[in-house]
4 protein chains.
Amino acid sequence: MPRLGVEPIRRDALVKATIAEIARAGSLDVTVAQIARRAGMSPALAHHYFGAKEALFLAAMRHVLSLYGAEVRGALVAAEGPRGRLAAVVRASFGPASFRREAVGAWLNFWVLAQTVPEARRLLNVYQRRLRSNLRAALRPLAAEPETVADVVGALIDGAYLRAALAGGVPDAAAAAAAVERYLLAELGERW
Amino acid sequence: MPRLGVEPIRRDALVKATIAEIARAGSLDVTVAQIARRAGMSPALAHHYFGAKEALFLAAMRHVLSLYGAEVRGALVAAEGPRGRLAAVVRASFGPASFRREAVGAWLNFWVLAQTVPEARRLLNVYQRRLRSNLRAALRPLAAEPETVADVVGALIDGAYLRAALAGGVPDAAAAAAAVERYLLAELGERW
Amino acid sequence: MPRLGVEPIRRDALVKATIAEIARAGSLDVTVAQIARRAGMSPALAHHYFGAKEALFLAAMRHVLSLYGAEVRGALVAAEGPRGRLAAVVRASFGPASFRREAVGAWLNFWVLAQTVPEARRLLNVYQRRLRSNLRAALRPLAAEPETVADVVGALIDGAYLRAALAGGVPDAAAAAAAVERYLLAELGERW
Amino acid sequence: MPRLGVEPIRRDALVKATIAEIARAGSLDVTVAQIARRAGMSPALAHHYFGAKEALFLAAMRHVLSLYGAEVRGALVAAEGPRGRLAAVVRASFGPASFRREAVGAWLNFWVLAQTVPEARRLLNVYQRRLRSNLRAALRPLAAEPETVADVVGALIDGAYLRAALAGGVPDAAAAAAAVERYLLAELGERW
DNA sequence: AATGAATGAGGATTCATTCAT
DNA sequence: GATGAATGAATCCTCATTCAT
């Protein structure tokens with residue numbers, strides 16, 4: 001029974017408000033005041049807890065990435081065999097915790113953040129490396145060139161996020177997954 | 001013999017400077033002063049020609065998109081048969097005028113701009129529709145479900161741009177094209 | 001056996017921390033939080049005891065001035081004759097309780113405070129009047145124009161504090177006293 | 001006939017407004033807005049010309065110091081003999097360009113600034129070195145220990161500025177000069 | 001007695017935009 | 001055609017101070 005102090009609650013509220021505001025604005029041009037208002041507190045308090053706006057952005061990015069990471073891990077433990085693990089990664093990539101409107105809307109902006117803020121780039125690199133490594137491991141027994149296939153699948157996943165962000169509205173997870181699976185079916189044939 | 005007045009020259013310089021600055025900064029957080037300085041003129045003159053910063057961004061976006069459009073059209077006129085037209089679109093998508101560092105760097109930010117500025121979204125939609133239509137037309141004689149295949153190819157192209165933007169450095173056009181072709185080979189088999 | 005409650009202890013710690021922080025910062029731009037942290041308590045408690053930041057500054061100033069006053073009084077009771085009393089005042093002015101790095105560093109800033117805060121000016125006036133009166137009393141039997149000589153000595157003492165503050169490091173009390181004594185020797189000759 | 005652009009005029013107005021505001025407030029706690037308002041322009045323009053508040057302070061300090069330097073140099077060229085040069089330095093130190101209410105009021109705060117800002121300290125050191133060197137040169141033919149006497153005179157001058165700042169109102173240049181001269185008379189006797 | 005939590009007020013700084021020349 | 005000069009509006013951030021516990 002961890003007795004939460006106020007701090008984690010506030011921080012969490014701020015992180016969620018940051019993601020929501022970025023998704024709403026469709027850009028990183030959100031003010032600390034907007035974020036704080038949405039989180040139900042004063043801008044000064046937001047600064048008290050995060051020190052600077054950039055730290056808020058990074059915390060939001062970490063939050064989104066760790067949700068995704070958790071979803072993938074959860075899917076992987078339940079998966080059996082290479083095919084199962086491959087399918088798990090793809091499904092988790094379009095799972096409800098990550099492939100939701102807000103997260104997808106923030107996603108694109110985190111990519112932009114990574115062009116500017118080194119720590120953001122680091123976070124993104126970690127995510128990309130992990131995804132690639134998961135895909136390669138699952139593909140090794142299935143494909144002659146697992147590296148190449150993994151890269152194509154990765155590009156497809158990123159492309160799906162991008163298009164979902166641009167389309168707006170509720171992302172169509174089924175369609176996104178179907179596109180990836182279509183490629184895998186064509187590439188792997190009966191092994192898929 | 002079109003005698004260019006000074007206006008088109010200035011406008012062109014500003015548009016190119018805008019693209020270059022966005023790519024350099026890795027974000028839309030560039031000031032009119034920075035753009036004007038790179039274009040060799042005063043910020044006031046930039047306003048004189050474009051009225052507002054947003055118009056500059058839109059002109060830059062139009063420039064990039066029209067370069068891409070021209071490259072695709074050029075490749076299509078030289079292409080023969082559905083297979084040839086399909087290959088032409090893919091190759092043009094990673095052609096030297098569009099898949100260069102600066103354009104790719106600006107690209108990502110235009111996607112963000114499209115989340116905020118309606119006119120930018122419209123431009124992007126036009127581009128996406130045209131790409132899809134080109135792909136579908138070429139795929140119709142080749143695939144059982146040309147719509148779906150076209151969407152997968154589109155997602156792959158977007159994913160390649162995205163990853164090139166994140167990677168930084170000179171985009172690897174050959175690798176990007178190879179990934180798309182790999183999918184098409186798997187999907188279409190001997191028809192590719 | 002005065003049983004100190006906790007209040008005087010806290011107040012004393014805050015006053016000393018204030019002096020130390022001002023000396024460290026070299027200016028009055030110190031936050032209540034910094035002072036409180038150095039005194040080992042929360043900013044809220046500092047306010048509880050002093051009500052406002054300005055009161056803290058004034059208390060610190062009073063502390064420094066009363067230390068100086070005590071040092072002078074102590075030296076005076078042990079002094080004999082006009083010459084002895086004069087020497088006592090000079091020596092006490094550069095005594096170890098007042099002419100130390102921290103006090104000197106704060107000193108300069110109290111002068112600035114006196115430009116802004118009336119009560120601070122009042123405190124400073126009291127100190128200056130007392131110094132002048134001590135000097136005049138001692139000088140009366142020794143000099144033809146005790147008022148003028150007292151003023152010169154006073155200016156020399158202030159100048160020494162100022163220069164010590166600017167020099168930083170451990171103030172050179174011997175050199176400071178020597179300068180004043182040099183003047184007195186020149187001015188009073190054998191009577192010194 | 002140097003045709004002044006607007007820039008030097010604005011910069012000059014800002015520097016003078018800075019000195020005036022510091023003297024009025026009696027501290028460095030003046031806002032850029034206050035300074036700009038006094039100089040008759042917007043805060044944004046002040047930033048345009050000086051970039052940052054600190055640069056304004058430093059420019060103000062440089063202005064005051066260079067006025068003083070000019071006054072000393074002017075007095076020195078007209079001076080004859082060591083005695084004349086010594087008197088010139090003392091008189092110039094309390095001359096009308098430097099020993100005016102505003103400059104004296106800012107003076108004390110520049111000392112405080114020098115505790116915080118390295119460039120300010122450098123400026124102050126230059127001033128102090130020059131003063132000492134001038135005094136020593138003039139005193140060498142007159143005193144057995146020119147270094148020591150120069151230091152005493154320097155301390156007296158600083159002390160006079162300090163006391164004038166505290167006293168407020170119009171500084172009494174005659175009295176200040178008299179105090180220094182009194183010391184010199186006592187120290188140098190007939191050689192003065 | 002003590003503090004964590006919270007905020008209002010204020011200040012430096014940036015920048016798109018305007019306009020007279 | 002071109003720009004130097006100028007500013008209003010906005011935003012981040014800091015900090016003294018308050019208050020419930």
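Throughout, protein chains are lettered first and strands after them, A, B, ... in sequence-line order, and every chain is numbered starting at 1.
Both K53(B) and L45(A) sit near DNA chain E, but only L45(A) has its closest nucleotide nearer the 5' end. Nearer the 5' end of DNA chain F, as judged by each residue's closest nucleotide, is the contact made by G40(D), out of V30(C) and G40(D). Both A52(B) and A33(D) sit near DNA chain E, but only A33(D) has its closest nucleotide nearer the 5' end. Map R10(D) and H47(A) each onto its nearest nucleotide of DNA chain F; the residue landing nearer the 5' end is R10(D).
Distance E54(B) CD to dC15(E) C1': 16 Å, rounded to the nearest Å. At whole-Å resolution of the value, OH in Y49(D) and C1' in dC15(E) are 16 Å apart. Put simply, CE on M41(A) is 8 Å from P on dT7(E), counting in whole angstrom units. In this structure, Q34(D) places its CD atom 12 Å from P of dG10(E), rounding to the nearest Å.
Here L108(D) contributes atom CG and L113(D) contributes atom CG; the two are 11.5 Å apart, rounded to the nearest 0.5 Å.
Listed here is the closest heavy atom pair of E102(D) and A23(D): O-CB, 3.5 Å.
Within 6.0 Å of CZ in R101(A) there are 12 or fewer heavy atoms belonging to other residues, nucleotides or ligands. The environment of R24(B) atom CZ is dense: over 12 non-hydrogen atoms of other residues, nucleotides or ligands sit within 6.0 angstrom. The environment of CD in E54(A) is sparse: at most 12 heavy-atom neighbours from other residues, nucleotides or ligands sit within 6.0 Å.
Ring centroid separation for the pair Y68(D) and W107(D) does not come in under the 6.0 Å cut-off.
Note that the first and last nucleotides of DNA chain F, 5' to 3', having any atom under 4.0 angstrom from a heavy atom of chain A are dT11(F) to dC15(F).
We find that R10(A) and E7(A) are not joined by a salt bridge, their nearest charged nitrogen and carboxylate oxygen being 4.0 Å or further apart. In this structure, R37(B) does not pair ionically with E21(B), as no charged nitrogen and carboxylate oxygen lie closer than 4.0 Å.
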Using Watson-Crick and G-U wobble pairs whose two distances are both under 3.5 Å, how do you write the pairing of DNA chain F as dot-bracket, with | for links to another strand? .||||||||||||||||||||
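In summary, of the residues considered (V30(A), I22(A), T18(A)), a side-chain contact (heavy atoms from CB on, under 4.5 Å) with L56(A) occurs for T18(A) alone.
Across all strands shown, H48(D) has no heavy atoms under 4.0 Å from either base or sugar-phosphate atoms. At the heavy-atom level, F50(A) lies nowhere under 4.0 Å from the strands shown.
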